[in-house]
Amino acid sequence: MTTVVWIIVDYAVTLLGAVAWFAAAVTMVVRRPRIALVLMAVALLVTVARAVPVVVLAGRGWWFVQEKVVLGLPMAAVAALAAALVAGPRLRAPATGARSWEATDTAGVVAQFTAAYAAVAAFVLTLLIGYPLTLDTALITVAAVVAAALLTTRVLPSPKVTEPAATGMSRRGFLGVAGGVVVVGAAGTGGVLAATRPAAMTTDGGGPAAMTGSAVAVTDLRGATTPAPGGVRRPYVLTARKAVVRLDSGREFDALTFDGSVPGPPITVTQGDLLEVTLINHDIDGGVTLHWHGYDVRCGEDGVPGVTQEAVAPGGRFVYRFRADQTGTYWYHTHYESYTGVQRGLYGHFVVKPREDIEQVDLTLSVHTFDGVPEISGGAEHVVPAGAPVRLRLLNTDSDPHRFALVGMSFRVVAVDGRDLVRPGVISERGLRLAAARRYDVVFEMPGGPVALVLDDSAATVWLRPKANAHGGSVSTPDTAGWPELDLLTYGAPARVALPTDAADRHFTMVLDRELAMVDGTPMYAHTVNGKGYPSIPDQLVTEGDVVRFTLVNRSLASHPWHLHGHAVLVLSKNGQRYSGSPVWVDIVDVGPGDVWEVAFRASNPGIWMNHCHNLPHVMQGMMLMLRYEGVTSPFKAMEMSG
Amino acid sequence: MKKIFTVLAWVQFLAVIVQFFLAATGAVKTSPTEQAFSAHRMLGYSILLVAVVVTLAGAVAKMPGRIVGMAGLVIGLVLVQVLIREVAKAIGDDSTAGALVFGLHAINGLFLMGLTEQIAQRARKIAWPPVAEARLGQTAS
């Protein structure tokens, strides 16, 4: 079973344990000893059974089980054992009819409720606290369970027979005071620890800490100002404004646009050209920027408001200038409140073609969801003569993944995220899963019959036909849902890469989860990295030239398409399986639920770079941090949510 | 203390009513689901917090065990609301099965409304017994 299935099993077993203990306690209160006994046996069994998912998950990685092993499971087990020892004998006698059941048995009921509280605490720890569990949180959790137990004794009626007062204090009173001391002590210590623990601002990943040396500002890290020999200057003006756009499907959409269209004007240049893009904000409230997704611009051109520039306010402008040295399929989009901005249309295609362009037909087809309905733009019908070389650049501009299927021919996936694969093989009848922001370049020779592009295994929306009007009405496409997905793990041929990945200078582990955390000063059920939300997640510090390794762990039940600005990363392994086909360089790491990915890159592009989940709503909920080169500063205040 | 509990119980009941209102406004909004239901979601988590406070207050105030038990049940049912949403989402919002599972969210919501109302009513009878009410009336006049 996959890791995520075990995560769900663990949740279910933990929850079941809590429910069973509560049920046992309540049936005891309402004096049903036989049922209570059975329920207690079930609860005990479930408590013990949780060890199974925990052991399995421990095998998948310590990150998945730390809080369970250190606190959740032992606490629940101790409370369960105590409940069985205290309540068991008291329930057995009346259950077998040996003794009548006279009054509510306070000690037994409290023990059972306490086992229930411990089970709930174990569940809450996994659901809301996760990794890493700190000592302060552990202490507060224990205090909460004991406090709940004490409050329960308060609610339950006092035993009829009071103990002799000669000892000065009843047993009940003594336990109450002792419990109170535990609660105050543990919660107090935990609180003090939490309040005094210094919040780390940076993490160095095992490399040398920051040195005070000469500093360079991101605003000085700008792109080249001249084209390469043979290249030309390519000026563009993009005006961001509100508009109602008519989609290919005929629907109208209340959009935010570049130049009144969605996607914005395609930017297609030839390798070596100098791009000069003037961004003008006509009427986009708040602001707008241009981020060159996947294209490794210098930091000053990266378009992150509050870090590399101020957001361009209505009436303002900003000029981006860089040389297109790197061929491939990319896209541009706003990075100001990108959740709503990109969703409502502030994006466009950005393609850098090689000097010698061999494909006769070159189409960029991007999928985007408008009002809940995904559409492929640049789609509809294309007439392509049989035998013509074709390149389709598939791009997912959404926050959720999409599945493409190509019907009618065999093809090769020649590039992923704008980076070429080595000797990719010819394939057919394979689904192509594109995570958020991902690009696949597909190449084939136009066959004699029609070619269809199917999105999410529903009806085809894009057709390539050898002759115009060759179809008689609708042509049905085969059911593509059963097609296996292309796995890049073994696709293409291995090749040497100039990156000594076994000797990383710095290694950062990012454990992605859904937890309670502060995001921008507000507590929320956040999408977190190592238990924290933006901007509390420590910056990752690197030095130029470092080989940097990321371990990306996903404890949550959501996919996290991870995106580091300014660098492509080399995929080393997924869930322990090494990538053995072509080297795969990506700017999106598709970290699925329960996944563990190892990736590496060379820190060769100085700056302050966003490192975030490209499921854009997750950014708003905290899943973003910064990778900072030593000696680079920013004159802007990055405190605003610049995602 | 019992009066504080009663006030909290009424706040909880009113919050559940407002929650129905927010669910309805969210359902007719055109913005994407995440945004349309943001107020509903925020209040939902707030109700969870209120339910915990109500239960703790009930225990501290030595309210009858049954009332405290009912208050505790509110916590459980609110968590079930979250669970239903997550399960429906995991199955798929668009699928029939997902929609059917999600329908339980409304039914459980009705249970919550009835339960919180019961807690509030019962608490009022304990905190302000009819005799005390009469006396209060006299001193006020």
Side-chain angles (χ1 to χ4, degrees), chain A residues 4 8 11-12 15 18-19 22-23 25-26 29-30 104 106 109 113 116-117 120 123-124 127-128 144 147-158 253-254 339-340 343-344 369-374 398-400 456 458 514 516 522-525 556-558 593 615-618 620-621, chain B residues 1-2 5 27 29-39 41-46 48-49 51-95 123 126:
Chain A
V4 66
I8 293 170
Y11 272 128
L15 197 59
V19 170
F22 271 117
V26 169
V29 170
V30 298
T104 306
T106 310
V109 171
F113 267 115
Y117 300 145
V120 168
F123 183 71
V124 168
L127 186 72
L128 301 182
L150 288 178
L151 283 171
T152 307
T153 61
R154 206 177 148 80
V155 172
L156 293 172
S158 306
F253 180 70
D254 188 12
Y339 168 34
T340 46
Q343 190 181 49
R344 291 186 62 191
T369 299
F370 301 94
D371 289 336
V373 182
D398 277 335
S399 282
D400 292 312
D456 298 330
S458 52
R514 195 86 208 268
L516 271 190
T522 317
M524 64 165 83
Y525 189 36
S556 78
L557 302 180
N615 186 323
L616 300 174
H618 294 180
M620 296 307 291
Q621 293 168 70
Chain B
M1 201 55 220
K2 286 189 164 61
F5 172 81
K29 269 188 196 164
T30 51
S31 45
T33 317
E34 285 279 331
Q35 283 177 318
F37 286 96
S38 66
R41 192 171 47 241
M42 288 294 278
L43 185 60
Y45 290 129
S46 308
L48 182 62
L49 199 69
V52 172
V53 172
V54 165
T55 309
L56 291 178
V60 173
K62 283 205 159 192
M63 295 300 282
R66 180 174 285 268
I67 293 187
V68 180
M70 285 162 74
L73 188 59
V74 172
I75 302 176
L77 289 187
V78 172
L79 289 173
V80 168
Q81 287 294 70
V82 180
L83 190 71
I84 292 171
R85 188 199 65 190
E86 293 300 324
V87 169
K89 209 155 77 176
I91 296 173
D93 289 332
D94 307 329
S95 67
I126 291 165

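Please read all numbers here as calculations on a predicted model, not as lab measurements.
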>> We want to know whether A/Ser399 and A/Tyr339 form a side-chain donor-acceptor pair, criterion being a heavy-atom distance below 3.5 angstrom.
In response: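 No donor-acceptor contact under 3.5 Å links the two side chains.
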Could you tell me which portion of [X] (side chain, backbone, both or neither) has an atom closer than 4.5 angstrom to a non-hydrogen atom of chain A?
{"X": "B/Val60", "result": "both"}
{"X": "B/Leu83", "result": "side chain"}
{"X": "B/Met42", "result": "neither"}

For [X] versus [Y], what's the shortest heavy-atom pair and its separation?
{"X": "A/Phe253", "Y": "A/Arg344", "result": "CE2-O, 3.6 Å"}
{"X": "A/Phe113", "Y": "A/Thr152", "result": "CD1-CG2, 3.8 Å"}
{"X": "B/Val68", "Y": "B/Ala59", "result": "CG2-N, 4.0 Å"}

> Looking only at atom types and distance, does a side-chain atom of B/Thr55 sit under 3.5 Å from a main-chain N or O of B/Ala71, one as donor and one as acceptor?
Replying inline: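 Yes, B/Thr55 side chain to B/Ala71 backbone: donor-acceptor pair under 3.5 Å.
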>> Please classify the contact of A/Phe22 with chain B as side chain, backbone, both or neither, using a heavy-atom distance under 4.5 Å.
In response: neither
> Checking heavy atoms, do the side chain of A/Leu15, its backbone, both or neither come under 4.5 Å from chain B?
Replying inline: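 Side chain of A/Leu15 only, per the 4.5 Å heavy-atom cut-off to chain B.
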>> For the interface with chain B, which of A/Thr340, A/Val155, A/Val120 has the highest count of heavy-atom pairs at distances below 4.5 Å?
In response: A/Val155
